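These notes concern the structure reproduced below.
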Number of protein chains: 2
Amino acid sequence: MRLTRAAEYAIRCVIYLSRQGQSVLTSRQEIAEQADIPAHFLAKIAQDLAKAGLIEIRQGARGGFLLSKNPADVTLLEVVETMIGEISLNDCVARPSGCKISPCCSVHRVWLDARDQLRDSLRRVSFDQLIADASCFPSYPKALLETEGLETPLSARNDLQ
Amino acid sequence: MRLTRAAEYAIRCVIYLSRQGQSVLTSRQEIAEQADIPAHFLAKIAQDLAKAGLIEIRQGARGGFLLSKNPADVTLLEVVETMIGEISLNDCVARPSGCKISPCCSVHRVWLDARDQLRDSLRRVSFDQLIADASCFPSYPKALLETEGLETPLSARNDLQ
DNA sequence: AATATATGAGACCTTATTGATCCTATTTAC
DNA sequence: GTAAATAGGATCAATAAGGTCTCATATATT
């Protein structure tokens, strides 16, 4: 019952672009490096974000991505659901007509309420709020941090299983 | 971001046993047939439920399962987390130490709150509440319904994909 | 005690999803 | 025109989910 990697990457990408500011063109490579996203994977993710109207993609030399909205007008829910489709904690909720038991049994209702609650929580969060917290990305480019020998949150990267 | 089939089956199983009443022994076969759960799969699910102390398993001839608690004392959260482990909507929340970005960035906090909210919702629902609603299972055994030619919610079973 | 009945425990298989990569085409700055 | 950059789709590997099977074990019944 977890968010997919693609959705997590999408959030990071939009955070990065929000930091850059609306309509500031940023290359895919820069985003991939700074937000620690596989570059090719980011290409695919960006296509979904573009289709949803969240970002704009500029092709060609000196191309890249840019945020097409004001960060204050982009919610966490929009980004998440762009990547994974409408949230629906269980199958029953996703297709009530296909529910083996009943389209409106007591369990169904619990999941429906929980889903609505979760979606509301995510809808209440916009990207201007998210970038207000400085801890999500290093303020300096990664390379710079390393030459300065500073401790960066990204250094925990190799601790994974 | 969906509940697994195993967890859905577990919920149905516990609902069925709750209907039977605490400490009423019911054969695996009966539960499997009535709640529409693959019998062998139910065996595996029951082992998890038993390890968690939710049900008791009786081996041997005339064996089966029985609910070891009062339905009022079993929450939906318990059953769900027995099957899928502690809920944690995203990786970041599951292992903050392994988070690439930071153990307490703004996104992390949103997911943490959403998770707590979801767990609270599921914790508030007990199985005596769930069985109060008659629509979750047919009141009659499936076979009986068919011979009587009545419409049963289970008849929608073949409408899937 | 023997037998039939029922579940235990885990190995195993199949399929779907996820995560990621690669390659050719297309677009654009210079 | 050339180089730089993304588009779009094919492909592949890893993981998880869903389900099945088999042999072992336990118990009621006779």
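What you see below is based on every heavy atom in this structure, not just the backbone, and it leaves out hydrogens, waters and symmetry mates. Letters go in sequence order (proteins before strands), and every chain restarts at 1. Since we're looking at a predicted model, the values are computed, not measured.
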When the distance from [atom1] of [X] to [atom2] of [N] is rounded to whole Å, what number comes out?
X	N	atom1	atom2	answer
B/Ile84	D/dG18	CD1	C1'	15 Å
B/Leu66	D/dT27	CG	P	14 Å
B/Ile55	C/dT7	CD1	P	11 Å
B/Leu49	C/dT7	CG	P	15 Å
A/Arg2	D/dA17	CZ	C1'	15 Å
B/Leu42	C/dA9	CG	P	14 Å
A/Glu56	C/dT27	CD	P	16 Å
A/Arg5	D/dA14	CZ	C1'	12 Å

Item to check | Per-nucleotide protein contact string for nucleotides 1-12 of chain D (B base, S sugar-phosphate only, - none; heavy atom under 4.0 Å) | outcome: ---BBBSB----

side-chain hydrogen bond (donor to acceptor under 3.5 Å, both in side chains) involving [X] - partner list, sequence neighbours excluded:
X	result
B/Arg58	B/Glu56
B/Gln117	A/Ser121
A/Asp116	none

Next on the checklist: Among residues at least two apart in sequence or on other chains, which ones pass side-chain contact (heavy atoms from CB on, under 4.5 Å) with B/Ser23?
Outcome noted: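 side-chain contact (heavy atoms from CB on, under 4.5 Å) check on B/Ser23 returns nothing, list empty.
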
Next on the checklist: If you define the side chain from C-beta out and look only at heavy atoms, does anything of B/Ile31 sit under 4.5 Å from B/Leu17?
Outcome noted: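 B/Ile31 reaches B/Leu17 side chain to side chain.
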
Would you mind writing out the side-chain donor-acceptor pairs for residues 64-72 of chain A within the sub-3.5 Å range, not counting sequence neighbours?
unit_1: A/Ser68; atom_1: OG; unit_2: A/Gly53; atom_2: O; d: 3.0
unit_1: A/Ser68; atom_1: OG; unit_2: A/Leu54; atom_2: O; d: 2.9
unit_1: A/Ser68; atom_1: OG; unit_2: A/Ile55; atom_2: N; d: 3.4
unit_1: A/Lys69; atom_1: NZ; unit_2: A/Glu78; atom_2: OE2; d: 3.0
unit_1: A/Asn70; atom_1: OD1; unit_2: A/Ala72; atom_2: N; d: 2.8

Checklist entry - So does A/Tyr9 get a side-chain nitrogen or oxygen closer than 4.0 Å to the phosphate oxygens (OP1/OP2) of C/dG19? => result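 Result: no.
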
